[in-house]
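Here's the structure, in structure tokens; my notes come after.
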Amino acid sequence: MDDKKYINLIKSTNIADYSDIKGIIIIKPYGYSIWENIKNIFNKILIKNNYNNLYFPLLISKKLFELENKKLNIIPKECAIVTHSKFKINYNNKLIIDKKSKLNQELIIRPTSETIVWYTFKKWIESYRNLPIKINQWCNVVRLEMRTKFFIRNSEFLWQEGHSAHSSKNEALLEVKKVKLMYKKLLKNYLCIPFISGYKTRKETFPGAKFTYTFETITKEKGKSIQLATIHYLSNNFSKVFNVKYTNEIGKKVYTWGISWGISTRLIGAIIMIHNDKKGLILPPKIAPIQVIIIPLINNYILKKRIFFIKNILIKSNISVEIDNNFNITPGKKFYKYDNMGIPIKLIIGINELKNNTVELIRRDTFKKYYLDINNNIYIKILKILSNIHKRMYIFAKIEMKRKTYFVKSFKNFKKKINRNYGFYSAYWYKDSNNESNIQSITKSTIRCITSKSKKQHKCFYSNKFTNIKIILGKSY
RNA sequence: CGGGGUGUAGCGUAGCCUGGAUAAUCGCGCCUGGUUUGGGACCAGGAGAUCAUAAGUUCAAAUCUUAUCACCCCGACCA
């Protein structure tokens with residue numbers, strides 16, 4: 001999918017629109033319900049894993065950022081900074097900042113919330129009995145990026161950020177494992193997104209973290225990489241910054257351990273880029289705002305009753321269903337519209353179906369037609385088809401990702417190949433940040449993650465030194 | 001933030017190089033009436049544009065010049 005198609009698809013499906021500020025978008029109802037569905041699903045996963053939702057403030061004081069900067073060397077580079085509180089009108093009748101209203105201290109619109117979270121943890125944590133603390137918030141964050149793209153890189157985006165504090169290193173590391181499973185479940189079982197996962201190189205790791213674990217996928221046609229989710233193992237970096245110590249079982253004061261992790265509305269971008277065809281978007285059934293659209297072909301009282309009958313059956317089975325009763329538009333046009341929107345199932349009823357007590361069903365993914373007997377528990381068949389669509393979407397996306405995953409032994413070979421085809425390139429690599437920078441500047445691609453360590457030693461594809469580290473390279477958005 | 005491109009009705013566009021007369025082409029969409037409705041219907045009529053913004057050149061600017069803003073593409077930055 002080229003970029004123009006991507007933008008047109010988002011606009012024509014009413015998922016989102018531009019605002020008047022660069023990189024800041026309006027998420028329209030159809031797009032927002034996709035996000036709400038993701039939220040609802042993930043909230044259930046969060047509850048199961050003993051996380052509580054809460055809310056931290058949008059504005060963070062510069063004072064706290066300074067603490068962080070001193071110890072961890074985190075310099076917020078693309079933040080929006082609030083400096084004044086008033087406007088006045090000048091001689092041209094234009095609004096200008098009232099310089100008298102300059103704030104005593106600059107406020108920063110959160111680019112992420114570790115700062116305020118750990119400032120707060122300091123107040124909450126005294127004893128080992130207070131631990132672990134496991135919290136999550138759904139909010140917006142602002143990062144004024146130079147180059148933006150719908151959902152993939154916005155200046156403001158919605159996300160989920162999980163934070164936890166633990167009494168031991170092992171417990172924190174165990175939590176990383178748990179979150180990995182949470183994300184794997186969401187991506188595979190709900191969003192039909194295949195991925196590779198692994199550790200970021202030091203260069204790509206969040207500055208406040210000991211390591212960053214990442215989930216990456218590639219887009220359908222282009223094969224560009226998209227980061228889907230991240231988990232940062234913070235070790236006790238932040239607890240040292242904010243002096244978050246607790247008294248342990250033997251009365252000693254020790255630092256706490258932490259992790260933080262997030263997924264954002266970028267997932268919507270990933271879904272669009274992965275699940276589409278010539279006719280438009282194909283939404284994974286479990287997050288589709290409308291799973292079944294019923295299209296009556298004639299405006300008729302008996303048919304109307306029949307449709308409500310079907311709708312009620314489906315609603316009872318928790319299938320989200322809508323009826324298109326607009327007879328000013330011809331059926332063909334409706335079919336194209338709903339195909340473009342990616343609605344998994346269309347149910348069509350006309351004279352023939354009414355006579356035969358059937359309904360015609362068309363799958364969005366394969367366009368295969370089924371005729372269902374309406375007196376024979378149609379919801380069972382529909383649930384089954386929804387689940388088949390899900391499975392097929394995941395498998396196809398996975399095959400596509402595998403097809404675009406190559407193994408390279410030499411840098412020469414890699415350079416040649418990535419120029420022709422983007423994708424995932426796996427290789428053995430000897431850890432060296434200078435080499436990493438060279439690889440990036442020569443090929444315009446980055447090390448997406450370190451996927452595994454083999455038992456045997458292999459030659460590094462770049463330096464020929466022996467190594468057991470296997471990486472995935474790719475060109476990212 | 002550097003390089004390139006674009007900005008004309010709700011959307012997509014023609015016109016711009018080579019300035020011209022009532023200031024604007026075509027398609028989609030929208031409104032009214034009628035016939036239609038099984039994979040993008042048709043006929044008739046209608047509404048809708050300070051040509052991104054600002055300044056300049058000129059008798060005359062959508063068209064030329066400059067600045068600003070936004071968007072797109074390619075870099076650097078980044079979830």
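Letters A, B, ... mirror the listed sequences (proteins, then strands); counts begin at 1. Bear in mind the structure is a predicted one, so any value in this text is a computation, not a measurement.
Residue A:Y338 places no side-chain N or O under 4.0 Å from the OP1 or OP2 atom of B:rG39. Residue A:R147 places none of its side-chain N or O atoms closer than 4.0 Å to OP1 or OP2 of B:rC77. Put simply, A:K333 has a side-chain N or O that comes within less than 4.0 Å of OP1 or OP2 on B:rG29.
In this structure, A:I25 atom CD1 and B:rC72 atom P are separated by 11 Å, rounded to whole Å. Here the P atom of nucleotide B:rA79 and the CD atom of A:Q227 are 7 Å apart, to the nearest Å. Atom NZ of A:K224 is separated from atom C1' of B:rG75 by 11 Å (rounded to the nearest Å). Taking atom NZ on A:K355 and atom P on B:rG38, their separation rounds to 16 Å, with Å as the unit. Note: OH (A:Y371) to P (B:rG38) measures 14 Å, nearest angstrom. Between A:I442 atom CD1 and B:rA76 atom P there is a gap of 13 Å when expressed in whole angstrom units. For A:R110 and B:rA79, the CZ to P distance is 17 Å, given to the nearest whole Å. As rounded to whole Å, 15 Å separates atom C1' of B:rA41 from atom CG of A:L297.
The nucleotide whose nearest atom lies closest to any side-chain atom of A:R143 is, among B:rA79, B:rG39, B:rG38, B:rA79. Residue A:I351 places its side chain closer to B:rG38 than to any other of B:rA79, B:rG38, B:rA76. Taking only side-chain atoms of A:M146, from C-beta outward, the nucleotide of B:rC72, B:rC77, B:rG38 with the closest atom is B:rC77.
With both ends at atom C1', the span from B:rA21 to B:rU65 equals 25 Å, rounded to whole Å. Comparing the P positions of B:rG4 and B:rA49 gives a spacing of 36 Å, expressed to the nearest Å. To the nearest whole angstrom, the two C1' atoms, one in B:rU8 and one in B:rG27, are 15 Å apart. Rounded to whole Å, the separation between the C1' atoms of B:rG19 and B:rA24 comes to 15 Å. Straight-line distance between the C1' atoms of B:rG33 and B:rA47: roughly 15 Å, to the nearest whole Å. Nucleotides B:rA52 and B:rC16 are separated by 15 Å at their P atoms, to the nearest Å. Taking atom C1' on both nucleotides, B:rG10 is separated from B:rG2 by 35 Å, rounded to a whole Å. Taking atom P in both B:rC72 and B:rA54, one finds a spacing of 24 Å when rounded to whole Å.
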>> Would A:E66 and A:K70 count as a salt bridge (charged side-chain N to carboxylate O under 4.0 Å, His left out) here? Give the steps.
In response: CA-CA 6 Å; A:E66 267 166 351; A:K70 242 185 245 167; over 6 Å; no
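As judged by a 4.0 angstrom heavy-atom cut-off over every strand, A:E145 is placed among the base-contacting residues. Counting any heavy atom pair closer than 4.0 Å across all strands shown, A:G23 reaches sugar-phosphate atoms only and no base atom. Base engagement by A:S264 is indicated by at least one non-hydrogen atom pair under 4.0 Å involving a base atom. Looking at heavy-atom distances under 4.0 Å, A:K369 makes no contact with the nucleic acid at all. Using a 4.0 Å heavy-atom distance criterion, A:L267 is classed as making no nucleic acid contact. Backbone-only contact: A:Q440 has heavy atoms under 4.0 Å from sugar-phosphate atoms and none from a base. At a threshold of 4.0 angstrom between heavy atoms, the contacts of A:F327 include nucleobase atoms, whether or not backbone atoms are also involved. Residue A:G262 is out of contact with every strand shown, counting any heavy-atom pair closer than 4.0 Å. Across all strands shown, A:N328 has no heavy atoms under 4.0 Å from either base or sugar-phosphate atoms. Here A:I7 lies in heavy-atom contact (under 4.0 Å) with sugar-phosphate atoms only. Heavy atoms of A:K149 sit under 4.0 angstrom from primed sugar atoms or phosphate atoms, though from no base atom.
In this entry B:rU13 has no Watson-Crick or G-U wobble partner, no candidate having both defining distances under 3.5 Å. Pair assignment for B:rG45: B:rC31, on the basis of Watson-Crick or G-U wobble contacts that are both within less than 3.5 Å. Pairing for B:rU63 is absent, judged as Watson-Crick or G-U wobble with the two contacts each under 3.5 Å. For B:rU57, there is no paired nucleotide, since no Watson-Crick or G-U wobble pair has both relevant distances below 3.5 Å. Across the strands present, B:rC1 finds its partner in B:rG75; the criterion is a Watson-Crick or G-U wobble pair with both atom distances under 3.5 angstrom. In this structure B:rU68 sits in a base pair with B:rA52, meeting the Watson-Crick or G-U test at under 3.5 Å. Under the Watson-Crick or G-U wobble criterion, with both distances below 3.5 Å, B:rA24 has no partner in any strand shown. Using N1 to N3 plus N6-O4 or O6-N4 for Watson-Crick, or N1-O2 and O6-N3 for G-U wobble, each under 3.5 Å, B:rG38 pairs with nothing.
For A:Y338 and A:Y336, the distance between ring centers is not under 6.0 angstrom. Not less than 6.0 angstrom separates the ring centroid of A:W35 from the ring centroid of A:W159. In summary, the aromatic rings of A:F151 and A:F157 are positioned with their centroids too far apart to meet the 6.0 Å limit.
For the pair A:K404 and A:F424, the cation does not sit on the ring face, since its NZ or CZ is not both under 6.0 Å from the ring centre and inside 45° of the axis. Within the cation-pi definition used here (under 6.0 Å to the ring centroid, within 45° of the axis), A:K279 qualifies as a partner of A:F367.
Relative orientation of the A:F42 and A:W261 rings is perpendicular, given thresholds of 30° and 60° on the angle between their planes.
Mapping A:K346 and A:K475 onto RNA chain B via the closest heavy atom, the residue that lands nearer the 5' end is A:K346. For A:I362 and A:S441, each mapped to the nucleotide of RNA chain B holding its nearest heavy atom, the one lying further toward the 5' end belongs to A:I362.
Under 3.5 Å, the side chains of A:S225 and A:E216 contain no donor-acceptor pair of N or O atoms.
No donor-acceptor contact under 3.5 Å links the side chain of A:N8 to the base of B:rG12.
Remark: ring of A:Y336 does not overlap the six-membered base ring of B:rG39 in a stacked fashion, as centroids less than 5.5 Å apart with planes less than 30° apart are not both met.
One distance of note links CG of A:N49 with OG of A:S164; it measures 11.0 Å at 0.5 Å rounding.
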